[in-house]
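A quick write-up on the structure given underneath.
Naming convention: chains lettered A, B, ... in sequence-line order (proteins, then strands); numbering from 1 in each chain. Just so you know, these numbers come straight off a predicted model, no measurement behind them.
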4 protein chains.
Amino acid sequence: MVQDNGRPRSRRLPRAVRERQILDAAVEVFAAHGFHAASMDEISEVAGISKPMLYAYLGTKDELFVACIRREAARLIEAIGTAVEAGLNPAEQLWRGLRVFFEYVQENQAGWSVLHRQANVQGDPFVSELSEWRERATSLIAALLARATEGSAQPMQAEQTEPFAAALVGAGEALVEWWFEHPEHAADGMAMRLMNMVWMGFSDLVEGRSWTPKS
Amino acid sequence: MVQDNGRPRSRRLPRAVRERQILDAAVEVFAAHGFHAASMDEISEVAGISKPMLYAYLGTKDELFVACIRREAARLIEAIGTAVEAGLNPAEQLWRGLRVFFEYVQENQAGWSVLHRQANVQGDPFVSELSEWRERATSLIAALLARATEGSAQPMQAEQTEPFAAALVGAGEALVEWWFEHPEHAADGMAMRLMNMVWMGFSDLVEGRSWTPKS
Amino acid sequence: MVQDNGRPRSRRLPRAVRERQILDAAVEVFAAHGFHAASMDEISEVAGISKPMLYAYLGTKDELFVACIRREAARLIEAIGTAVEAGLNPAEQLWRGLRVFFEYVQENQAGWSVLHRQANVQGDPFVSELSEWRERATSLIAALLARATEGSAQPMQAEQTEPFAAALVGAGEALVEWWFEHPEHAADGMAMRLMNMVWMGFSDLVEGRSWTPKS
Amino acid sequence: MVQDNGRPRSRRLPRAVRERQILDAAVEVFAAHGFHAASMDEISEVAGISKPMLYAYLGTKDELFVACIRREAARLIEAIGTAVEAGLNPAEQLWRGLRVFFEYVQENQAGWSVLHRQANVQGDPFVSELSEWRERATSLIAALLARATEGSAQPMQAEQTEPFAAALVGAGEALVEWWFEHPEHAADGMAMRLMNMVWMGFSDLVEGRSWTPKS
DNA sequence: TATGAATGAGGCTTCATTCAT
DNA sequence: CATGAATGAAGCCTCATTCAT
């Protein structure tokens, strides 16, 4: 029999494809309602499979959620990492990273919502997962910042770059939130804003100094 | 089973006292488990009253949560507002605001968690409440930043200060998160870090320029 | 302190007055929501007294409901009985009884609703109370009908008049229901309708014979 | 505790069968306690299934109750309608209708109780459902009565037949009630009684005129 | 493999009823 | 006498999870 909701309930797909289908559905539903309000019923429906299959492929609700977080985090981190590597100097690296970040969020709002909003809910299995991704993001940035000071008189230590990186990530998250309410701006423009705040600081901006990409 | 949570179940208290007791308990429990996972059962237990009283005084779970958000937001905003007003110039105002922010968070972790983490719940009554508080916080900062540029050649418009303020708030939130994992730092130190990031920017910091309070 | 809802919460009333106040309120609320949906809270509020007083005066919810049924039934039966006694012959007696019945219902809709609708709910203490009132009403009518046939060739026995009376009562109740949806008719007109149905029967009515009061 | 109500808890039945089981149980329980006092717990127990199934198949308590009313009303109306159609002239039609009515009630006391007694519940979804069934019953009878006067000098209009029909239905309901307390009578006899009351009227009966079926 | 059918467990909410002042 | 404060008990409903086919 065929499911009536557009996508035919295709059978006998290879496991990997099925799992991606399910994860896509899960991310969508988790983003829409949040972890607790999301129901396995809805996820299985959106994924186009029955609940027992859902459990067979990805385990319990908790495990499924962790899988979602993991996939989305990996994707985002990888995108940013690749972009950063392509930059020639720290400023450009940061700039590329920011740009990719905003682009990613724009094209993957559901995934971002799962990462940024839903994963914040306390609870045993999720905190660790979440802090791991935050740590990876932070250390990526922190390394970048550290490289920027390598040549200076007083190179920054991890103890200084790390909180800075964390703050930068937080600023980015908040700016995305602001962006959602002012969608008329382009991803590039958002990246520029954040770049300037971070790189120049407020006192410079007030005095008319700002950063611009050369490319 | 016997109640054994320290505070004796005192009886026949006047309404106002009970309401504060309940709000305290609710904030604690919401912070610990998040809105959905928190149960009215546990809240009433922690508050030391029966569930019917809980409902009689503060309404449904939704209403209770809104009341929590409202109280915590009001407290925080008021503390920051008062501190900012005491500053003589924009830099000092910002500095005082940041310091009070970190102090508040330190002494009121549960309340902060409710505001920062748990309020991200989908659903009608919460989004409006939450965005209202975010907006108040942001506009408080945005006004401060706007004042800072009043004398400059190109005074910033709301369109520029607002996202900056939002980013600043986000950076603060993230820094708090980092702080929780590095509790050896003092609130003052955290405020200093953020002040420098915001005011000086990264390029200045690299070159050894930094901001310090005069007081 | 004075209650703010119009009627001042007068204190120290004689017991009988209080009880009437309470019963009035109870009938009103039971009629509005039905027995189960009515809450003692609302009744005490409408009555203008506190709940402990409510319990002190009229006992539990069940007892209170029984008291309502009893009072309303007594009133109605008494009104009809008095009217019937004033009639000179059976037809006129019936006519007077019906007229009073419709008048009573019109002026006492809440009481009627309690009797007719709410008391039908099954449950231990109410069935007996309800069947007692039905029985009284029925036997009042049955006696009337019996008197009407006393002079005839084959006087009716209770076994014949009783079900007739029951049916008449039921017809009256149903007609009242119909009346509520067609309120443009007068009480007298309704009584006339029922009188004709009962007295003449359908075959007579079809052939143009009908009953009219002489008074 | 062990289930011990005779019917074994059979498992894995097809949906249609389960739905009938549930409706049967629901009618039984609603008839026994009334809508409000009936508990979904008891219904599911009597039906021999768990509560989640109850909800999955027939929705909330309100919806379940409406389904009960609808089924019972449809059954009764259909039975009477079929019987009436088989009659050759109005009197016989009425007679057949009444006979089927009493037979139906006798064999389906619970269903009748739900229709007659319990459906009188305040609240949106029920009033409409109930008045619809009453209307169908009434208009079925009213049409019959109208046909009876078609040939006469002054054919009755709906304004006259309708309240008559309503009263007839009410008389029937009340007679059923009386019957329950005098179960020694047969359904046929009850129908005869009502037929005579309605068709002949009291004055005719007093004078010895009565109606008898020819079949 | 795939699923319709099934349920234990638990959460929110309200109500009749009674203390303690 | 009068009441604000308090609660045990119960009802509706939903969800994550698993059989049995």
| query | Donor-acceptor pair, D/Ser131 side chain versus D/Val127 backbone, under 3.5 Å? | reply | yes

| said: With heavy-atom distances below 4.5 Å as the criterion, would you say the side chains of C/Leu54 and C/Leu64 are in contact? | reply: yes

| message | Tell me whether the NZ or CZ atom of B/Lys61 lies within the 45° cone about the ring axis of B/Phe35 and under 6.0 Å from its centre. | response | yes

| field | Under 4.0 angstrom between B/Tyr55 side-chain N/O and E/dT14 OP1 or OP2 | value | no

| said: Rounding to an integer number of Å, can you tell me how far A/Ile43 CD1 sits from F/dT17 P? | reply: 11 Å

| task | Scan D/Met40 against the nucleic acid and name what it touches under 4.0 Å (heavy atoms): base, sugar-phosphate only, or nothing. | result | sugar-phosphate

| task | Grab the CD1-C1' distance between D/Ile22 and E/dA5 for me, whole Å please. | result | 12 Å

| To the nearest Å, how far apart are B/Asp41 CG and E/dA9 C1'? | 13 Å

| message | Quick check on A/Arg70: does its CZ atom have over 12 non-hydrogen neighbours (other residues, nucleotides or ligands) under 6.0 Å away? | response | no

| query | Taking for each residue the nucleotide of DNA chain E with the nearest heavy atom, is it C/Ala38 or A/Pro52 whose nucleotide lies nearer the 5' end? | reply | A/Pro52

| query | Between F/dC15 atom P and A/Phe30 atom CZ, what is the distance in whole Å? | reply | 13 Å

| query | For the side chain of D/Tyr57, counting heavy atoms from C-beta on, which of E/dT3, E/dA6, E/dT18 is nearest? | reply | E/dA6

| To the side chain of B/Met53, which of E/dC15, E/dA6, F/dT7 is closest? | F/dT7

| query | Any side-chain heavy atom of B/Val114 within less than 4.5 Å of one from B/Glu28? | reply | no

| field | Given E/dG11, E/dA5, F/dC12, the nucleotide with the shortest approach to the side chain of D/Arg15 | value | E/dA5

| note | A/Leu54 atom CG is separated from F/dC15 atom P, nearest whole Å, by 15 Å

| said: Within the structure provided, determine whether D/Met53 and D/Arg18 are in side-chain contact (heavy-atom separation under 4.5 Å). | reply: no

| said: Just to be sure I understand: a Watson-Crick pair is purine N1 to pyrimidine N3 plus N6-O4 or O6-N4, both under 3.5 Å. Using that and G-U wobbles, which stems of three or more pairs involve DNA chain E? | reply: E:2-21 with F:2-21

| Once you round it to whole Å, what is the distance between C1' of E/dA16 and CG of C/Leu58? | 15 Å

| query | Between E/dT3 atom C1' and A/Ile49 atom CD1, what is the distance in whole Å? | reply | 11 Å

| said: With a cut-off of less than 4.0 Å, is there a side-chain N or O of B/Arg18 near OP1 or OP2 of F/dA6? | reply: yes

| note | With D/Phe30 as partner, the option from D/Phe126, D/Trp112, D/Phe65 fulfilling ring-ring contact (aromatic ring centres under 6.0 Å, His included) is D/Phe65

| Closer to the 5' end of DNA chain F via nearest nucleotide, is it D/Phe35 or B/Pro14? | B/Pro14

| request: Can you check whether any acceptor in the base of F/dT17 is under 3.5 Å from a donor in the side chain of A/Lys51, or vice versa? | output: yes

| request: Could you tell me the separation between the CD atom of A/Glu45 and the C1' atom of E/dA2, rounded to a whole number of Å? | output: 17 Å

| task | Enter the distance from A/Ser113:OG to A/His116:NE2 here, rounded to the nearest 0.5 Å. | result | 8.5 Å

| task | Give A/Ala37 one of three labels, base, sugar-phosphate or nothing, depending on what nucleic acid heavy atoms sit under 4.0 Å from its own. | result | nothing

| Results of side-chain contact (heavy atoms from CB on, under 4.5 Å) for D/Glu63 - residues two or more places apart only | D/Thr60

| Hey, can you pull the residues of residues 59-72 of chain B with a non-hydrogen atom under 4.0 angstrom from DNA chain E? | B/Thr60, B/Lys61

| field | Side chains of A/His33 and A/Gln118, donor plus acceptor under 3.5 Å | value | no

